[in-house]
Amino acid sequence: MESIVKHAQGLVYSLICLMPSVYQKASLNAILGLFLEAQGHPYPEHTQVKSASALSRFLNHYNWSTRGLIRATRLSILGQIAKHRPSKRVPLKILIDLTTLEKSGKFLHLSNPTPNEPDPWVRILNGKRGLHLVVLYLVYGEWRVPWSFRVWRGKGYSSPSDLACKLLGTVPKQLTQGKTVIVLADTEFSTVKFFNAVRAKSWRIVVGVRNNRKLQDGRTVKQLYPHGKRGQLILLEGLSTPLTISWFWLKRAITGYVDFSE
């Protein structure tokens, strides 16, 4: 563990040195500090050393190479996993999530239509205005790494599910060869295309399904409860491969207990 910490510190210093100005170095240092603290508060407003607006400006368009940062980080991560590889019995988990970076105000390159970019990136989704990202995380033993992302650009462009299918192709093969791979995703990714994309790679999938989703016999998922059984095989409409279904109850402070599909 001590060697991993030292390597992580070296990687942080290397990335900071890639910044061309003192202000950008300070902003990157603050952002990395939020993630490395791992206290569940990664948003810019939680930092004590820089303002949220300063970190927001840092995440705008600059001349420094974002791809260079991503490549350096990925190579370092793969190198560390190779040195401290978990047991062969530990599966590789792939988490797909739709994350919103909330934005307020005007942004010339993100929210204002231009002749070259008539559709802005900053949009409103589920009542939140901001930049909406489909993010792929790798969870391997004690490692949890945000590996890749795509920007959801709104109606008329690739859907979050389509973007998630593309992200599956970015997972490094050296981590999946000979390993059990489990893909976990929220309900918005439970499309036929996403199911088939995961199945084509012979990976397992755990995904939420809406209670009004239809089965091939015409019933809905909600009709399986309470007469159905956890673990039974079902055939969703549009799929040729049976899936195992289950449900559970969540405790909520106001509404009490609800099942996962509501």
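Side-chain atoms are counted along with the backbone in the values below, which use heavy atoms only and exclude waters and symmetry mates.
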Could you tell me whether the side chain of [Y] reaches within less than 4.5 Å of the side chain of [X], counting heavy atoms only?
| X | Y | result |
| --- | --- | --- |
| Leu168 | Val198 | yes |
| Val171 | Trp203 | yes |
| Leu239 | Asn196 | yes |
| Val183 | Lys201 | no |
| Ile234 | Pro242 | no |
| Tyr137 | Ile96 | no |

*Pairing residues for Thr180 by the side chain to side chain contact (heavy atoms under 4.5 Å, CB included) criterion, not counting sequence neighbours*: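 In terms of side chain to side chain contact (heavy atoms under 4.5 Å, CB included), with neighbours along the sequence ignored, Thr180 is linked to Pro91, Ile182, Arg204.
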
*Can you list the residues that meet the side chain to side chain donor-acceptor pair (under 3.5 Å) rule with Arg219, with sequence neighbours excluded?*
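Expected list: Asp217.
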
Separation between [atom1] of [X] and [atom2] of [Y], rounded to the nearest 0.5 Å:
| X | Y | atom1 | atom2 | value |
| --- | --- | --- | --- | --- |
| Leu184 | Ile205 | CG | CD1 | 9.0 Å |
| Leu167 | Phe189 | CG | CZ | 8.5 Å |
| Ser161 | Phe195 | OG | CZ | 9.5 Å |
| Leu215 | Leu235 | CG | CG | 8.5 Å |
| Asp186 | Leu98 | CG | CG | 8.5 Å |
| Trp147 | Ile94 | CH2 | CD1 | 11.0 Å |

Can a donor-acceptor pair be found, under 3.5 Å and without considering hydrogens, that links the side chain of [X] to the backbone of [Y]?
| X | Y | value |
| --- | --- | --- |
| Trp143 | Ile81 | no |
| Gln223 | Asn212 | no |
| Gln232 | Lys229 | yes |
| Gln177 | Gln174 | no |
| Arg230 | Trp247 | yes |
| Ser76 | Thr73 | no |

*Just wondering, more than 12 heavy atoms not from Phe149 lying within 6.0 Å of its CZ?*
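No, not enclosed.
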
_Counting only heavy atoms not in Lys93 (residues, nucleotides, ligands), do more than 12 fall under 6.0 Å from its NZ?_
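Atom NZ in Lys93 is not packed in, count stays at 12 or less.
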
*Identified salt bridge (Lys or Arg N to Asp or Glu O under 4.0 Å) partner of Asp162 from the options Lys193, Arg150, Arg153*: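 Single pass found, and it is Lys193.
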
*How far apart are the C-alpha atoms of Val134 and Asp97, what are their side-chain angles, what is the distance that settles it, and do they pass the side-chain contact (heavy atoms from CB on, under 4.5 Å) test?*
CA-CA 6 Å; Val134 179; Asp97 189 26; over 6 Å; no

